[in-house]
There are 2 protein chains.
Amino acid sequence: MATGRTHRPATRSRGIPEATVARLPLYLRALTALSERSVPTVSSEELAAAAGVNSAKLRKDFSYLGSYGTRGVGYDVEYLVYQISRELGLTQDWPVVIVGIGNLGAALANYGGFASRGFRVAALIDADPEMAGKQVAGITVQHSDEMERIISDNGVSIGVITTPPGVAQQVCDRLVAAGVTSILNFAPTVLSVPDGVDVRKVDLSIELQILAFHEQRKAGEEAANALPDGAVPASVTRKESADKGPDGDVPAVMPA
Amino acid sequence: MATGRTHRPATRSRGIPEATVARLPLYLRALTALSERSVPTVSSEELAAAAGVNSAKLRKDFSYLGSYGTRGVGYDVEYLVYQISRELGLTQDWPVVIVGIGNLGAALANYGGFASRGFRVAALIDADPEMAGKQVAGITVQHSDEMERIISDNGVSIGVITTPPGVAQQVCDRLVAAGVTSILNFAPTVLSVPDGVDVRKVDLSIELQILAFHEQRKAGEEAANALPDGAVPASVTRKESADKGPDGDVPAVMPA
DNA sequence: TGATGTGAACCCCTTCACAGCC
DNA sequence: GGCTGTGAAGGGGTTCACATCA
């Protein structure tokens, strides 16, 4: 990077931007598809198109990992798959527990994409005694009482919370106390965790609301602007119109 | 804003930063909880804590909406709930269709948080003739053949895709052709859409991979770096260190 | 020749710190 | 006195554009 060194700046290691990390899985997926089609190399342009980003961004992202490409040629697909997998920590197996086996928890348990990439459902946990013992996705549901033992026995460091919002924080606390340091939260609640624990959230309702915001914009401004605040709610005429388009390409993320 | 005007800058309307829009649902949720407890006002500090952000950010966010607070006092809860709802377009009803009624689609259909906030499941659609006619979450599943008619008849502008990845793009194309301009994609695929159509994606696998990356960091480098691929991986000294901590509060989504 | 790797410009967002108002 | 609203500073991330090198 800074230096013109080619072979892995050695100590650069830290400092992969969070935004880049969030895109690595995207690149990996695109590369895996190419790999299955036995494509040997790709240019940044082609791969970027497949991943839905622009090529400059992709090259910059890869530059944080090292110089894995060949000028005038492109990137070796297999090699990149390996490097990104390694960077993401997917060369090892991550046991995961899912807590809260309702509709969503069961759906996730059945989700194939899990095992495909280094993740293994180590246990399904539910607070309902009725659920305990039942089979979901070929796995026997266990009662919450077992949570600490399960986590400890399996060395689980990643937990998925699919409980009702009311109990999400306490489930989270127990997971953390038992040794979990990464949590994927599907419950519509803000979780507070100690330093060193990562939380990512997935929230259907929030996503829909963001879409609604833009949708309203597209429909025309009359609606929202029509009423002098203190006043009465809208009527919202609506009428198509493309204009604004939040962004040419993709919506976006954001850090925390 | 720019001007010192107090009463709804009228034409300011556009220009709410995307990052702010993404947090409005969070504020709204916290405010709704306060409202249910009949709390009349909140300070930026309290509300920020409840929403998991810092107070400066919250005040800045609200400043894009207008001057809705009272210095020395705080914000009126009910008033803010209304203003944010209006801004997000939740004062109207948004009919939504869910395409792909497998485990996940069914789970979403059963998800309560839907109706609670201006969203209404107008239809469940599946390509499997076996599914058509079945009841899921109290709604009769309809066959894909009906898609265009359903969207048109109900004025649907938001679609949720929970199909297998292989058919997601074609489903997307049909939705868009039929008039849908906002899509929430749960399929692990990059969707391409024309300008003016918003896509947000929710991807379990990507979230887990991001967590794995950080998890690997916490665990120390030995593991992944141990193998000398094409050359030698890094040594990456690193040693715990809370430092970086992806963030204190909340993670996020990402574009398409 | 052609595509990578990257400094530098640019832009958006976050954070600070305090002026302004109740 | 207390808390909002906001210029200004600071950081990150994206994009540009080109030097670099197989």
**Message:** Need one value for A:Phe62: base, sugar-phosphate or nothing, where a base atom within 4.0 Å counts as base even if backbone is also close, heavy atoms only.
**Reply:** nothing

Nearest whole angstrom, please: distance from the [atom2] of [N] to the [atom1] of [X].
X       : N      : atom1 : atom2 : result
B:Tyr79 : D:dT4  : OH    : P     : 16 Å
B:Glu18 : C:dC13 : CD    : C1'   : 12 Å
A:Leu58 : D:dG13 : CG    : P     : 16 Å
A:Asp61 : D:dT15 : CG    : C1'   : 12 Å

Identify every side-chain donor-acceptor pair in residues 24-38 of chain A under 3.5 Å, counting partners at least two apart or on other chains, and give the distances.
residue : atom : partner  : partner atom : Å
A:Tyr27 : OH   : A:Asp61  : OD2          : 2.5
A:Arg29 : NH1  : B:Pro188 : O            : 3.4
A:Arg29 : NH1  : B:Asp203 : OD2          : 3.1
A:Arg29 : NH2  : B:Asp203 : OD1          : 3.4
A:Arg29 : NH2  : B:Asp203 : OD2          : 2.6
A:Thr32 : OG1  : A:Leu28  : O            : 2.7
A:Thr32 : OG1  : A:Arg117 : NH2          : 2.9
A:Ser35 : OG   : A:Glu78  : OE2          : 2.7

**Request:** Go through the structure and list residues passing salt bridge (charged side-chain N to carboxylate O under 4.0 Å, His left out) with B:Asp76, not counting sequence neighbours.
**Result:**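 Expected list: none.
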
**Message:** Can you list everything that forms a salt bridge (charged side-chain N to carboxylate O under 4.0 Å, His left out) with B:Arg59? Sequence neighbours excluded, please.
**Reply:** none

Set of residues satisfying side-chain hydrogen bond (donor to acceptor under 3.5 Å, both in side chains) with respect to [X], sequence neighbours excluded:
X        : answer
B:Thr41  : none
A:Ser85  : none
A:Asp173 : A:Gln169

**Message:** Could you tell me if the side chain of A:Phe186 sits less than 4.5 Å from the side chain of A:Leu204, heavy atoms only?
**Reply:** no

**Prompt:** Counting only side-chain N and O atoms of B:Asn54, is one of them less than 4.0 Å from OP1 or OP2 of C:dT15?
**Reply:**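 So the side-chain polar atoms of B:Asn54 do come within 4.0 Å of the phosphate oxygens OP1 or OP2 of C:dT15, strictly under.
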
**Request:** Respond yes when some side-chain nitrogen or oxygen of B:Lys57 is under 4.0 Å from OP1 or OP2 of C:dT15, and no when none is.
**Result:**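 So the side chain of B:Lys57 is within the cut-off, an N or O lying under 4.0 Å from OP1 or OP2 of C:dT15.
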
**Prompt:** Closest nucleotide of DNA chain D for B:Ala56 versus for A:Arg23: which of these residues is on the 5' side?
**Reply:**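 Counting from the 5' end, the first nearest nucleotide belongs to B:Ala56.
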
Nearest of [options] to any side-chain atom of [X]?
X       : options               : result
B:Tyr75 : C:dG5, D:dG5, C:dT14  : D:dG5
A:Lys60 : D:dT6, D:dG13, D:dT14 : D:dT14
A:Tyr64 : D:dG7, C:dG5, D:dT14  : D:dT14

**Of residues 33-48 of chain A, the positions that come close to DNA chain C - non-hydrogen atoms, cut-off under 4.0 Å** = A:Ser43, A:Ser44

**Partners passing side chain to side chain contact (heavy atoms under 4.5 Å, CB included) against A:Ala48 (at least two apart in sequence or in another chain)** =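 Checked A:Ala48 against side chain to side chain contact (heavy atoms under 4.5 Å, CB included); matches are A:Val53, A:Ser55, A:Leu58.
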
For nucleotides 18-22 of chain C, tabulate all protein N/O to nucleotide N/O atom pairs closer than 3.5 Å, reporting atom names and distance.
residue : atom : partner : partner atom : Å
C:dG20  : N3   : B:Arg71 : NH1          : 3.1
C:dC22  : O4'  : B:Arg71 : O            : 3.1

**Distance flag, aromatic centroids of B:Phe62 and B:Tyr68, threshold under 6.0 Å** =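 No; B:Phe62 has its ring centre 6.0 Å or more from that of B:Tyr68.
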
